[in-house]
Student: 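Take this structure first; my questions come after.
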Amino acid sequence: MEAIQVGFLSLLPPIIAISLALITKEVISSLMIGILSGTLIYALNTGLNPIVGTVETTFQLMANRFDFNIILFLALLGALVAVVTMAGGSRAYGRWASSKLKTKRSSLLATSALGALIFIDDYFNCLTVGTVMKPVTDKHNISRAKLAYIIDATAAPICIIAPISSWAAAVGSNLAATGAFESDLAAFVSTIPYNLYALLSIVMVVALCVVDLDFGPMERAEIKAQAGNLGAVDAEVQEHYKASEKGRVFDMLIPIGALIIFSILAMLHNGGFWGDDPAIAGNIAAAFGNCEASPALVVGGFAALVVAFVLFVPRKLVGFREFMGGITEGAKSMVPADIILILAWTISGVCRDLLSTGEYVKGIVEGSAMPAFLIPALIFAIAAFLSFAMGTAWGTFGILIPIIVPVCEGIAPELLVVALSATLAGSVFGDHCSPISDTTILSSTGAGCDHIQHVSTQMPYAITVAACCFVGYIVAGLTKGLPTAANIGATLGTSVVLLLVVLVVLHKLSLKKVKAAEA
């Protein structure tokens, strides 16, 4: 299948899918309609039969975009959660954590800290944090929507500013390809202080954990949670498991620890840490940068299941037949997430591989004339729009970095680093909050939250942060004549103060609406 140029029509599939998902609150049919609209446009513009060509193109693209390793890892993780629950590990951990984390604030901060610590890969982050922290947040009546937001906001935004991560490697390879930097790692590190979306997302998470400043749909979800309605979609599945009363805290911690340790070891192994390449062997950062995360996660998931079997079955917490049955039930629980993820990959493929959505946006960028000081802000807005439409950060900065570097070198070389940071920040915005982003899907899955509820509750938060970032990048452009430290201080200071002020104002307005509705 050869990509074609269809102009504005290339934007229709994601617009249709996202609009329908937000209107109907049903994501699978919305994604399917979006995909079919894109493959129909492709068929009509390439002379294929409108019906047969649309169907064949859809399923061929679906097969091409399918990542079996991620689907298998989801199944293994679902199985691990099931058997740990059956052994009583989750219940015991929930009791223990509740005795240590005695307040809602401490449990939220602990969830955020765990998300920040697992910075190697965003998929790994989304699913592991949710699995570990659900028993704790449930005890404090924290809505699953709030849990999903914290997981999502400490996944991609953390990975994009972590020098040792799969994301750093992807960004570095794109920077190296431009030939404009002596060290792609040094270039990546220089973008971190200006990556406003990532930094402000972290500030917002901490602020929401420390001070109750929720607003909009999230505040309504939290009010329901305090009344006992957590909005959990995995409750029915959990009820099928008869938890053992003999489970202990280590019955959860050991399998999850095994998942983390074996996944990291597998990443280092396939990244070449113990290989023969002198540029990678023995270098942890280089090995993580060279690794393939998804097959490593499969190894980690399988190893964790083996550890759980050895830990549970001989002690008769779970019988052999029950353990195997738990694997089946746990894998089944992940089927809805699998379907949504496959459809999200497919619609991303429609945009990237069939209709050249990125090329269309690229033409808009190259043809635009903008004042130099507005370059970072406009680049951020374009990257945010593109990543939201395509549901991928990697695809977005992969398209824009080769454009941004020569544009800035020709117009405003002093803004190159800021512009690159704006590109990465905008790319993370879409990956964080787009309904068709894989990390958004995995965050709702890990939290056991309805996907559309997760999208609708976190969207106002993401847009608030993005708006403050836009202002921050204007400040960065206006103050670029200052020394670097002063420029960073002005940019970050303005953005953070603005964010905190807006948070307080929106929270007060939201409280008034809630009180008016109750009256």
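All residue numbers refer to positions in the sequence shown, counting from 1. All figures in this text were calculated on a predicted structure; none of them were measured in a lab.
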Student: Checking the side chain of T439 only, and the main-chain atoms of D431 only, is there a donor and an acceptor separated by less than 3.5 Å?
Tutor: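 Checked: pair present.
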Student: Quick one: CG on L343 to CD1 on I35, what's the gap to the nearest 0.5 Å?
Tutor: 4.5 Å
Student: With a 4.5 Å limit on heavy-atom distance, are the side chains of M252 and T85 in contact?
Tutor: no
Student: Calculate, to the nearest 0.5 Å, the distance between atoms OG and NE2 belonging to S143 and H454 respectively.
Tutor: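 Going from the OG atom of S143 to the NE2 atom of H454 covers 11.5 Å.
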Student: Write down the atom of M218, the atom of A145, and the distance for their closest heavy-atom approach.
Tutor: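 For M218 and A145, the tightest heavy-atom pair comes out as CE-O, 3.7 Å.
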Student: Can you name the nearest heavy-atom pair linking A304 to P255, along with the distance?
Tutor: CB-O, 3.6 Å
Student: To the closest 0.5 Å, what do you measure between OG (S427) and CG (N195)?
Tutor: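 With rounding to 0.5 Å, OG (S427) is 9.0 Å from CG (N195).
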Student: Hey, is the main chain of I441 close enough, under 3.5 Å, to the side chain of S444 for a donor-acceptor pair?
Tutor: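 Yes, S444 side chain to I441 backbone: donor-acceptor pair under 3.5 Å.
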Student: Return the CG to CZ distance between L317 and R248, rounded to the nearest 0.5 Å.
Tutor: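 Here the interatomic distance stands at 8.5 Å.
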Student: List in chain and number order the residues that pass ring-ring contact (aromatic ring centres under 6.0 Å, His included) with F388, two or more places apart in sequence or in another chain; answer none if no residue qualifies.
Tutor: none
Student: Run the side chain to side chain donor-acceptor pair (under 3.5 Å) test against K104 and tell me which residues pass, sequence neighbours left out.
Tutor: E222
Student: Donor-acceptor pair, T154 side chain versus S112 backbone, under 3.5 Å?
Tutor: no
Student: Looking at G34, is its backbone amide N or carbonyl O close enough to the side chain of S37 to form a donor-acceptor pair, meaning the two atoms are under 3.5 Å apart?
Tutor: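 Yes; at least one donor-acceptor contact below 3.5 Å.
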Student: List the steps and the verdict of side-chain contact (heavy atoms from CB on, under 4.5 Å) for I71 and I342.
Tutor: CA-CA 9 Å; I71 299 300; I342 291 168; 4.1 Å; yes
Student: For the residue pair L200 and C469, establish whether any side-chain heavy-atom pair is separated by less than 4.5 Å.
Tutor: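 Result yes, sub-4.5 Å side-chain heavy-atom pair found.
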Student: Go through the steps to decide whether I150 and M133 satisfy the test side-chain contact (heavy atoms from CB on, under 4.5 Å), and finish with yes or no.
Tutor: CA-CA 11 Å; I150 293 175; M133 296 307 298; over 6 Å; no
Student: Taking ring-ring contact (aromatic ring centres under 6.0 Å, His included) as the test, write out the residues that go with F273, two or more places apart.
Tutor: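 ring-ring contact (aromatic ring centres under 6.0 Å, His included) check on F273 returns nothing, list empty.
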Student: Does R105 have more than 12 heavy atoms from other residues, nucleotides or ligands lying within 6.0 Å of its CZ?
Tutor: no
Student: Report the distance from atom NZ of K146 to atom CG of L108, rounding to the nearest 0.5 Å.
Tutor: 5.0 Å
Student: Would you compute the distance between atom CG of D251 and atom CD1 of I254 and round it to the nearest 0.5 angstrom?
Tutor: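 The CG atom of D251 sits 7.0 Å away from the CD1 atom of I254.
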Student: Under a 4.5 Å cut-off applied to non-hydrogen side-chain atoms, are W274 and L265 in contact?
Tutor: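 Counting from C-beta outward, W274 and L265 do come under 4.5 Å.
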Student: Restricting to non-hydrogen atoms, name the atom on P157 and the atom on A198 that form the minimum distance, rounded to 0.1 Å.
Tutor: O-CB, 3.2 Å
Student: Could you pull out the closest heavy-atom pair between F262 and V307, with the gap in Å?
Tutor: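 That would be CE1-CG2, 4.1 Å.
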Student: Determine the sole option in M324, E322, K316 for which the side-chain contact (heavy atoms from CB on, under 4.5 Å) test with F320 is passed.
Tutor: M324
Student: Carefully, step by step, assess S201 and V428 under the rule side-chain contact (heavy atoms from CB on, under 4.5 Å).
Tutor: CA-CA 10 Å; S201 292; V428 171; over 6 Å; no
Student: Kindly assign one of parallel, tilted or perpendicular to the pair Y149 and Y461, based on the angle between their ring planes and the thresholds 30° and 60°.
Tutor: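 Perpendicular, since the angle between the ring planes exceeds 60°.
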Student: So, S387 side chain and G430 main chain: donor-acceptor pair closer than 3.5 Å or not?
Tutor: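 Judged by distance alone, yes, a pair lies under 3.5 Å.
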Student: Can a donor-acceptor pair be found, under 3.5 Å and without considering hydrogens, that links the side chain of S437 to the backbone of S434?
Tutor: no
Student: Looking only at non-hydrogen atoms, find the nearest pair between Q453 and A221 and report the distance.
Tutor: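 Heavy atoms only, the tightest pair is NE2-CB, 4.1 Å.
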Student: Apply side chain to side chain donor-acceptor pair (under 3.5 Å) to D138 and list each qualifying residue two or more places apart in sequence or on a separate chain.
Tutor: R144
Student: For F429, enumerate each residue passing the ring-ring contact (aromatic ring centres under 6.0 Å, His included) test, keeping only those at least two apart in sequence or located in another chain.
Tutor: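 By the ring-ring contact (aromatic ring centres under 6.0 Å, His included) rule, F429 matches Y197.
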Student: Are the side chains of D212 and E219 in contact, using a 4.5 Å heavy-atom criterion?
Tutor: no
Student: Can you confirm whether H507 is buried at NE2, in the sense that more than 12 heavy atoms of other residues, nucleotides or ligands lie under 6.0 Å from that atom?
Tutor: yes
Student: Stepwise, does the side-chain contact (heavy atoms from CB on, under 4.5 Å) test hold for L20 with S29?
Tutor: CA-CA 9 Å; L20 285 176; S29 60; over 6 Å; no
Student: For a quick test of your reading: what N or O donor-acceptor pairs under 3.5 Å do the side chains of residues 76-84 make, sequence neighbours left out?
Tutor:
none

Student: Taking H432's backbone N and O only, do any of them form a donor-acceptor pair with Q458's side chain (distance below 3.5 Å, no angle check)?
Tutor: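 The answer is yes, because a donor-acceptor pair under 3.5 Å joins these two groups.
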Student: Around F59, counting heavy atoms of other residues, nucleotides and ligands shown, do more than 12 lie under 6.0 Å from its CZ?
Tutor: no
Student: Can you name the closest pair of heavy atoms from I347 and P13 and give their distance?
Tutor: CD1-O, 3.7 Å
